[in-house]
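Keep in mind that what you see is a predicted model, and the values were worked out from it rather than measured. We number each residue from 1, following the sequence as shown.
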Amino acid sequence: MTFTKAFNAKDAAGVAAHYTEDAAILPPDSRRLDGRDKIQQFWQGAIDGGF
């Protein structure tokens with residue numbers, strides 16, 4: 001599944017699967033998030049927030 005398809009399906013785990021286990025993201029105006037679990041939580045929050 002592509003990143004966009006996973007996001008549009010509201011599948012945060014599918015979105016996070018596109019990152020390596022040791023990946024990091026730098027969300028705007030936020031702290032660095034390390035690891036796929038935290039990245040999944042970030043995307044779940046974005047999806048739940050209607051992004």
Side-chain angles (χ1 to χ4, degrees):
M1 181 178 286
T2 67
F3 183 98
T4 303
K5 285 183 182 179
F7 185 83
N8 289 338
K10 300 182 179 189
D11 178 10
V15 172
H18 288 84
Y19 295 87
T20 61
E21 283 291 333
D22 61 348
I25 60 172
L26 298 168
D29 300 320
S30 187
R31 301 179 104 176
R32 175 180 156 149
L33 300 173
D34 294 299
R36 192 181 289 158
D37 290 338
K38 296 233 171 143
I39 292 170
Q40 180 177 340
Q41 292 171 12
F42 168 80
W43 284 112
Q44 187 65 59
I47 290 167
D48 292 346
F51 181 73

Please tabulate, for side-chain N and O atoms in residues 5-18, each donor-acceptor pair with protein atoms closer than 3.5 Å (sequence neighbours left out).
residue: Asn8; atom: ND2; partner: Thr4; partner atom: O; Å: 3.4
residue: Asp11; atom: OD1; partner: Ala13; partner atom: N; Å: 3.4
residue: Asp11; atom: OD1; partner: Gly14; partner atom: N; Å: 2.9
residue: His18; atom: ND1; partner: Gly14; partner atom: O; Å: 3.0
residue: His18; atom: ND1; partner: Val15; partner atom: O; Å: 3.4
residue: His18; atom: NE2; partner: Met1; partner atom: O; Å: 2.9
residue: His18; atom: NE2; partner: Phe3; partner atom: N; Å: 3.1

Please table the atom pairs, donor to acceptor, closer than 3.5 Å between any side-chain atom in residues 42-51 and protein atoms at least two apart or in another chain.
residue: Trp43; atom: NE1; partner: Tyr19; partner atom: OH; Å: 3.3
residue: Gln44; atom: NE2; partner: Asp48; partner atom: OD1; Å: 2.9

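Between Ile39 atom CD1 and Asp34 atom CG the span is 8.0 Å, to the nearest 0.5 Å. Separation of atoms CZ (Arg36) and CG (Asp22) is listed at 9.0 Å; rounding is to 0.5 Å.
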